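This report concerns only the one structure given below.
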Amino acid sequence: MDEDLFLEDVGDSWSFQLGGEDEDDLHEYQAFLGSSFFDLSGDPFSQMGLGDHEGKQFCWKKTHTDSSAEEEEAREGSLSVSAQTIRVTEAVRDGDALTFIVISQKLSGSGEYHVARTHEDFQWLQQCLFSQEVVPGILGVIFPPLPAKPQLNAPTKVLKQLGFLAMGEDWRMYCMALETYLQQVAAHTTLSKNKCLENFLTSSEPPGRQRVRKGIFNRLSQAMEGMRKEGHKDVDDFFQTERDNNLTLTGCSKSATERFIDVVLTEQKLAVACGHFSTALHLCVEQEEDSAVLAFSKICVKLSEVIDSIKRNFESVAENNLSTLGLGLDLESRCQEAEKEMLYRRTCKLVVLETASRNAERAKPVKTAAMDELKVAAEKEFDHVSGVAKQEIARFHSTRVELLRQALILWCEKQLETARDTSFRYSEHLQAFKGLGE
Amino acid sequence: MAAEMEPPPLGDAGQTDFREIEDGEGFFVSTVTTIESPEPSSPDPPSMPAEGISTNGPKQEDISLDDDPEDLFAEATEEVSLDSPEREPILSDGPSPAITPVTPTAMLTPRMGLGTAEMFERALDEIEEDDSGDTFDMHIAVSDPEKVGDGMNAYMGYKVTTKTSMTIFSKNETTVRRRFSDFLGLHSKLASKYLHIGYIVPPAPEKSIVGMTKVKVGKEDLSSAEFVEKRRSALERYLMRTVKHPILLKDPDVMMFLESSELPRAVSTQALSGAGILRMVNKAADAVNKMTIKMNESDAWFEEKHQQFENLDLQLRKLHASVECLVCHRKELSVNTASFAKSAAMLGNSEDHTALSRALSQLAEVEEKIDQLHQDQAYADFYLFSELLGDYVRLITAVKGVFDHRMKTWSKWQDTQLLLQKKREAESKLQFANKPDKLQQAQDEIKELEGKVQQGEKDFELISKTIRKEVSRFEKERVKDFKVVIIQYLESLVQTQQQLIKYWEAFLPEAKAIA
């Protein structure tokens, strides 16, 4: 284990995990995850297409009803809440930090869990999920992306990074993103079995904050190494294509998201400008009996009503953009990044394998056996990862297509509704003006 | 009273200016008068002195109009070839107010002295009676901007088409070509004739160095095109406003502008011409005058209205600023929407999944169309509201100018009264000194001044009456103007929304078709 080349490459070592206080946890995981992990018959991402959320901005339609999966969840060590009922209902300001209320329904139907979690808690969960290193092939999982930390009173630049999630009132968009994250995790066959998730959703105590550990899945923070390996040619056409596509799509979706943010911001600016115009019009009203002056005042008042309508229209349009397509694009963008990271991990494993193979070939007779063993281990690992990855990729694509589809439909429907409303109001104003007595 | 014309010192062509200076007054109380040359056929129009107002010039006698009823308003142009446009809102002021009211040619022969004001009043009343018979039916279009010439001497020529059924015009439809300085020249003439007697003369569109230079240099880009269109539209509105005024409509200069194929070039509109410099000096003098005249306002109506217009000025400026802001943001939205459309298209192209790819491409198209709508809407915002408000801000300046003229008229009257008083005192002193000549002279002067005082009072009353009518007219027109524009704007809004609905309805099935 000390010579695990992969880990040495990445930087963080196993020893941190194996030694000291974390050893118990490691054994715990192994016990739980051992056999039931590789449930290839299950359909992790399909379970994300779940029920209609009344009053929520983003609908996830249920695509499968997979009762066998639910049964599985009810087994000991599995999640005791129903994935599709997880909600992040609000964000409460606590000084400089935000606390999120997470509500989920018990599978048994006997009530619900109500917990308060901070972003640190979410990060802890994410790290827990990452820490399942012992599970073979786990590197091939596309981990649901956790939104970046929200900062109150942050400089604009920082908020800009959050993009759409920082917009909307009371961090509503952010809550939706967190909700999506939890649902994705809870619906994932493997990830949902992590005890940490259960802990996170049900325990009234904040989950072990003191146990945040560095996972090996840090974002390609080992930048230099990352760059070299990212371009490493693949041995498998399927994966090479996937990596190429992913690279393009990551760039495109990020770009589209950013441009869309600009559109929404401008719409909001327009709404504010309309407000100013409307107020300025009210200042023109004179208290006079003279009929012409009175008529003019009346016109000013009526015009300010028109401008108010225009303002409301912009606000609606911006809100619609934000809560449907905006969120969708943001999620798409982050998911592409998540896939990218998975593919990168696999590429790293490939590098390890290729290095091991080379070593084995070039090894002096004395060391051949040891090298060969390493090579075999690396190969096995790599195959596991590739296997899982292929599955994940297939599901990933079907899910994201579904997500985008729903986002686009909802977006279009909402904008259509707003457009009709506004059209009606404008027509009313027009009639009123035409009828203004002369 | 004989008309006296002193040949001005300068030998160049120009307008004839006469000064009347009050005796003994050291302040900038004097005003400069304008008399048009009574000899239009002379090849060399009388020169114009580019002199400032001096306090100690020679005493000059009262000047009144020539008896010639026919051509009071001959052209006065200057042969200055420099074409140096400058941003000059000053243009709304005519060269100078006259002492005696100036009557339009179409009316009765002006008499001097006491009778003039009465005549004028009657004359104007007649005009208004005429009006009620011949309903206003006129449409002026300014179109076909064409660049004439090259380089820095180039200018934009516009086609002015007048369609009318009114009898005062010789033809039902007339087309002429005019350039910008022609419009400015027209305004200058109207302002010099009517502003000082209380008529709100619509201001001409503003000069713009930047805009015109671009056009001259031949820059064929969007901003030049926008500039030309903005100017064309402004010229059209200017003419329409001018002819809607019942008095101005009948002015021979206006008719000539609309109908005659050739107009002498109005060079006195240039900033650095003699006339231009005189304007600037006058403006300075006026500013000082305003500070020193303290009027005892006996008429509450004027007090109120003055205040109202001050307020209105501020409010309109604020509104104008708001709308400009709106226009700016809308243009920004258009840019951003186009940008998003492009990135959506790219996303669609990179997408493997066929149906999703198609939907994303459709999305890009929808966004492009919406962008076009935004652009159209920005156009509407601008041309309808922003320009309307801008026009009114300038109109208010003219209104305030008219109020100021009233103040000046009052001031003049008061000064004459004071002078009369002094003369009377002097006369009574002379009664006891045995100087029959001087006494006679003093008595003559007193008689003259008495006449002037009466005239002054009549002038003041007349201008007050005119202003009341004008303000009333202004307020009515304002309501009409705004209503028309707002309805147009609403119609454009409704149309945009209908289009938008169609786009969304077309997109929905595409989105749903993603398998």
Side-chain angles (χ1 to χ4, degrees), chain A residues 245 248-249 251-253 255-260 262-263 265-267 269-270 272-274 276-281 283-284 286 288 290 292-293 295-296 299-300 302-303 306 310 313 325 397 400-402 404-405 408-409 411-413 415-416 419-420 422-423 426-427 429-430 433-434 436 438, chain B residues 308 311-312 314-316 318-319 321-323 325-326 328-330 332-333 335-337 339-344 346-347 349-353 355-356 359-360 363 367 472 474-476 478-480 482-483 486-487 489-491 493-494 497-498 500-501 503-505 507-508 510-512 514-515:
Chain A
N245 285 349
T248 318
L249 279 176
C252 285
S253 60
S255 168
T257 310
E258 284 170 356
R259 305 276 172 90
F260 203 50
D262 287 337
V263 170
L265 285 174
T266 315
E267 284 166 349
K269 268 195 254 181
L270 269 166
V272 171
C274 283
H276 290 319
F277 187 29
S278 179
T279 311
L281 278 167
L283 293 175
C284 292
E286 299 262 8
E288 260 251 345
D290 181 86
V293 178
F296 185 67
I299 284 184
C300 287
K302 282 220 124 6
L303 181 59
V306 174
I310 299 178
N313 180 54
L325 189 58
H397 282 304
R400 60 173 270 276
V401 169
E402 182 56 31
L404 281 174
R405 174 175 179 272
L408 286 170
I409 292 175
W411 178 62
C412 186
E413 283 173 348
Q415 296 293 34
L416 189 51
R420 286 191 177 133
T422 307
S423 176
Y426 287 167
S427 297
H429 284 303
L430 181 58
F433 255 98
K434 282 186 171 162
L436 263 186
E438 197 48 277
Chain B
Q308 260 183 29
N311 292 344
L312 188 62
L314 287 170
Q315 289 148 10
L316 283 178
K318 262 197 218 127
L319 280 178
S322 290
V323 173
C325 189
L326 204 63
C328 182
H329 285 319
R330 235 209 251 266
E332 197 187 324
L333 182 60
V335 167
N336 288 344
T337 309
S339 196
F340 173 62
K342 278 204 194 80
S343 61
M346 266 182 26
L347 194 58
N349 284 342
S350 321
E351 182 59 61
D352 255 351
H353 192 279
L356 181 59
L360 287 171
L363 166 67
E367 287 293 313
S472 166
F474 171 87
E475 286 172 348
K476 288 207 187 77
R478 177 177 63 168
V479 171
K480 271 193 244 166
F482 271 73
K483 195 172 160 198
I486 293 171
I487 288 180
Y489 185 66
L490 277 170
E491 281 171 349
L493 280 180
V494 169
Q497 281 302 120
Q498 303 287 27
L500 196 58
I501 289 174
Y503 293 155
W504 289 125
E505 282 175 345
F507 181 70
L508 192 55
E510 290 289 335
K512 289 192 168 157
I514 304 172

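On a predicted model such as this, the values are computed, not experimentally measured, just so you know. What's counted below: heavy atoms across the whole structure, side chains too, no hydrogens, waters or symmetry copies. Lettering of chains follows the sequences in order, A, B, ..., and the numbering in each one begins at 1.
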A/Asn245: which residues meet the side-chain contact (heavy atoms from CB on, under 4.5 Å) condition with it, sequence neighbours left out? A/Thr241, B/Asp352
Where does [X] contact chain B at under 4.5 Å (heavy atoms): side chain, backbone, both or neither?
| X | value |
| --- | --- |
| A/Cys274 | both |
| A/Leu325 | side chain |
| A/Val293 | both |

Residue selection (most heavy-atom pairs with chain A, distance under 4.5 Å) from [options]:
| options | answer |
| --- | --- |
| B/Lys318, B/Met346, B/Lys476, B/Arg330 | B/Arg330 |
| B/Ala341, B/Ser322, B/Ala344 | B/Ser322 |
| B/Lys342, B/Glu332, B/Gln498 | B/Glu332 |
| B/Glu367, B/Glu510, B/Gln308 | B/Gln308 |
| B/Leu312, B/Val323, B/Ile501 | B/Ile501 |
| B/Val494, B/Asn311, B/Leu319 | B/Leu319 |

Does any backbone or side-chain atom of [X] lie under 4.5 Å from a heavy atom of chain A? Answer side chain, backbone, both or neither.
| X | answer |
| --- | --- |
| B/Leu347 | both |
| B/Leu363 | side chain |
| B/Tyr489 | side chain |
| B/Leu326 | both |
| B/Leu356 | side chain |

Side-chain heavy atoms of [X] within contact of [Y], under 4.5 Å:
| X | Y | result |
| --- | --- | --- |
| A/Asp262 | B/Ser339 | no |
| A/Thr248 | A/Cys252 | yes |
| B/Trp504 | A/Trp411 | yes |

Looking at chain B, which one of [options] has the largest number of heavy-atom pairs inside 4.5 Å, strictly under?
| options | result |
| --- | --- |
| A/Thr422, A/Leu283, A/Leu270, A/Leu281 | A/Leu270 |
| A/Ala280, A/Gly251, A/Ala256 | A/Ala256 |
| A/Lys302, A/Arg420, A/Glu267, A/His429 | A/Arg420 |
| A/Ser427, A/Ala273, A/Cys300, A/Ala419 | A/Ala419 |

Restricting to non-hydrogen atoms, name the atom on [X] and the atom on [Y] that form the minimum distance, rounded to 0.1 Å.
| X | Y | answer |
| --- | --- | --- |
| B/His329 | A/Thr266 | O-CG2, 3.6 Å |
| B/Ser343 | A/Arg259 | OG-CG, 3.6 Å |
| B/Val479 | A/Ala292 | CG2-O, 3.3 Å |
| A/Leu303 | A/Phe433 | N-CZ, 3.8 Å |

Tell me, please, whether A/Phe296 has B/Arg478 positioned over its six-membered ring: NZ or CZ under 6.0 Å from the ring centre and within 45 degrees of its axis?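 Cation-pi check for B/Arg478 and A/Phe296: passes.
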Going by an N to O cut-off under 4.0 Å, is there a salt bridge joining A/Arg400 and B/Glu351?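 Looking at A/Arg400 and B/Glu351, the cut-off is met.
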Residues two or more places apart in sequence or in another chain: which of them pass side chain to side chain donor-acceptor pair (under 3.5 Å) with B/Glu491?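 For B/Glu491, the residues satisfying side chain to side chain donor-acceptor pair (under 3.5 Å) (neighbours in sequence not counted) are A/Lys434.
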